[in-house]
Amino acid sequence: AFSALLVGVYRGKKLHYTGKIGTGFSDKLQKEMMKQFAALVRSTNPFDEEPDVNKPSRFRPNPPHAEVTWLKPALVCEVSYTEMTTDGVMRHPSFEGMRIDKKASQVKEEKAMAVTKAAVKKTAKKSPPKKKAKGTPRKAAGPTSTKTGRAGSLLKKAAKAERKTLLNPADASQERTVNGEKLKFSNLDKIYWPKEKYTKRDMLNYYYKVAPYMLPYLKDRPQSLNRYPNGINGPSFYQKDVKGKVPEWIRTFPYRSEDEARDKEFLVASNEASLLYMASLGAIEINPWSSTIRKPDQPDWCIIDLDPDTNTFEKVIETARVTKEVLDAIKVDCYVKTSGSTGIHIYIPLGAKYTYEQSKEFARAIVTIVQSQLPGFTSIERATKLRKGKIYLDFLQNRPQATLAAPYSVRPKPGATVSAPLDWDEVKKGLKLKDFTIFNMPDRLAGIGDIFKPVLGKGINMKTAIKNIESVFEV
DNA sequence: ACATAGC
DNA sequence: GCTATGTCAGGTGCT
DNA sequence: AGCACC
Ligand SMILES: [Mn+2]
Ligand SMILES: [Mn+2]
């Protein structure tokens with residue numbers, strides 16, 4: 001298979017590079033295309049200038065190494081994209097299909113058109129095959145947004161442009177209606193990140209932009225609020241019980257704590273308005289349960305939380321890779337994200353089919369194997385004193401009421417970092433937590449979409465997985 | 001943000 | 001009446 | 001029962 005297509009258009013006699021397409025083709029279609037490509041392989045670059053296929057982009061800061069296979073520029077395909085960047089390549093390109101009706105030599109740059117026609121571009125091409133990665137670099141934002149509309153039903157899945165901004169840069173206090181609820185945002189000029197001078201407004205605008213991608217991981221889940229009303233260097237506090245303290249449209253989930261004989265209520269996220277409401281309270285971090293109120297004791301995912309303590313992030317990356325190998329060996333799907341702070345989170349989809357207890361014990365089995373393979377710098381001891389500074393393979397977050405920073409959650413850390421879902425091919429030397437922030441995550445999402453989505457899928461078969469553990473690892 | 005204690 | 005201060009977690013593994 | 005930990 002190939003990871004991306006390099007395409008271009010003719011300027012006079014010269015074929016000019018216009019970008020790399022990494023999405024929009026199915027596995028089946030890819031197979032057919034590869035057959036077609038076989039006869040067109042050539043040894044030299046057909047473009048006027050050779051593109052750098054390994055150039056990092058803003059949303060793939062550390063792309064997997066790609067090798068190019070050049071093709072004769074004989075084939076034409078259709079591509080949707082949101083605009084041309086200042087570097088002259090397509091922004092958020094997505095493959096829309098081959099065009100057997102067009103000759104390669106006819107493919108010219110399209111002019112900006114009215115909103116009714118063509119977000120479409122025809123191009124001749126060649127391709128850089130690679131294993132299975134999905135790379136799609138591009139660079140820097142254009143200064144204006146060249147409006148390219150959608151050509152109706154022709155485009156099934158055009159790359160989405162970033163959502164527009166929620167709050168204006170001028171007023172310190174603003175009201176907006178979201179999901180039919182009037183939300184008041186105040187203290188918008190308050191500096192939440194002093195070193196960078198990022199404000200509460202910056203954070204709220206971020207949450208608004210990513211809300212559609214983030215909501216599935218929050219909806220119907222009780223929340224543990226961790227509030228920083230005066231920014232990341234100010235005092236913070238936890239808030240779980242919101243009974244009588246939130247507007248009536250905010251959903252809640254009743255509970256009783258062990259010691260206190262008082263009725264309490266968790267806040268439950270239900271829509272964008274509730275996400276923005278939490279953020280407006282200074283909840284920089286969003287910390288949802290792993291289960292929903294529909295099945296409060298049955299988590300949708302199992303978490304393996306890698307906490308580095310004194311170790312380098314390189315070692316955490318190595319630990320994540322070993323964890324992935326162990327899970328691959330027993331045929332268990334898993335997905336990975338940066339914590340946004342110092343560690344890495346690995347999620348295994350459970351489909352709300354098992355209890356927290358089962359999830360925890362499954363995680364324990366996995367991390368026990370990982371620890372035995374990396375005894376030098378990992379630990380599963382709960383007591384920090386016994387860990388001796390090793391990476392903690394934390395499986396104990398798989399219990400009722402425990403939370404972790406959600407996918408795409410902002411963290412109260414320098415740089416306004418966010419928890420960033422990753423492709424496994426990005427989890428390698430060179431990965432940096434600080435590469436993912438409130439300012440570049442919306443672009444990455446528009447480009448590659450929510451790659452964490454399978455976490456909410458059908459879920460693994462734990463019985464089969466445990467059987468595989470027994471046979472593969474002889475435990 | 002809000003309740004209560006203290007001046 | 002005004003300002004200062006306090007409060008806004010909690011279950012669990014373990015000793 | 002109390003503490004440490006997340
Ligand atoms: Mn962690
Ligand atoms: Mn942890």
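The sequence lines fix the lettering, A, B, ..., with proteins before strands; numbering per chain opens at 1. As the structure is a computational prediction, the values presented were derived from the model and not from experiment.
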Protein-nucleotide distance ([X], atom [atom1]; [N], atom [atom2]), rounded to Å:
X: A/L404; N: D/dC6; atom1: CG; atom2: C1'; value: 9 Å
X: A/F237; N: B/dA3; atom1: CZ; atom2: C1'; value: 14 Å
X: A/K360; N: D/dC6; atom1: NZ; atom2: C1'; value: 14 Å
X: A/L281; N: B/dA1; atom1: CG; atom2: P; value: 9 Å
X: A/E381; N: C/dT12; atom1: CD; atom2: C1'; value: 16 Å
X: A/R382; N: C/dT12; atom1: CZ; atom2: P; value: 10 Å
X: A/D241; N: C/dG10; atom1: CG; atom2: C1'; value: 12 Å
X: A/E265; N: C/dA9; atom1: CD; atom2: C1'; value: 16 Å

For a quick test of reading the model: is some side-chain N or O of [X] closer than 4.0 Å to OP1 or OP2 of [N]?
X: A/K264; N: C/dG10; result: yes
X: A/Y356; N: C/dG11; result: no
X: A/R387; N: D/dC6; result: yes

Tell me which nucleotide among [options] gets nearest to the side chain of [X].
X: A/Q401; options: B/dA1, C/dG11, D/dC6; result: C/dG11
X: A/Y255; options: C/dG10, C/dG13, C/dC8; result: C/dG10
X: A/K240; options: C/dA9, D/dC6, C/dC8; result: C/dA9
X: A/R399; options: B/dA1, D/dC6, C/dA9; result: D/dC6
X: A/K245; options: D/dC6, C/dC8, C/dG10; result: C/dC8
X: A/D259; options: D/dC6, C/dA9, C/dG11; result: C/dG11

Inset, instruction - Flag the pair A/F95 / A/L5 as yes when at least one side-chain heavy-atom distance between them is below 4.5 Å, and no otherwise. - result: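 In short, these two side chains touch, coming nearer than 4.5 Å.
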
Legend entry - Min side-chain heavy-atom separation A/V418-A/Y408 under 4.5 Å: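 A/V418 does not reach A/Y408 side chain to side chain.
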
Inset, instruction - Write down the distance separating the C1' atoms in D/dA4 and C/dC8, rounded off to the nearest Å. - result: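 Each nucleotide's C1' atom is 22 Å from the other's.
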
Legend entry - Distance between C1' atoms of C/dG10 and B/dC2 (Å, rounded):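 One C1' to the other, the span is 23 Å.
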
Legend entry - Separation between OG1 of A/T338 and CG of A/L431, rounded to the nearest 0.5 Å: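 These two atoms lie 7.5 Å from each other.
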
Inset, instruction - Begin from the C-alpha positions of A/F25 and A/F2 and carry the test ring-ring contact (aromatic ring centres under 6.0 Å, His included) through to its verdict. - result: CA-CA 10 Å; A/F25 20 74; A/F2 56 85; 4.9 Å; yes

Legend entry - Sugar-phosphate, base or nothing in reach of A/R227, heavy atoms under 4.0 Å: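 The answer is nothing, as A/R227 stays clear of every strand by at least 4.0 Å.
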
Legend entry - Main-chain N/O of A/R60 paired to A/S57 side chain as donor or acceptor, under 3.5 Å: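 Judged by distance alone, yes, a pair lies under 3.5 Å.
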
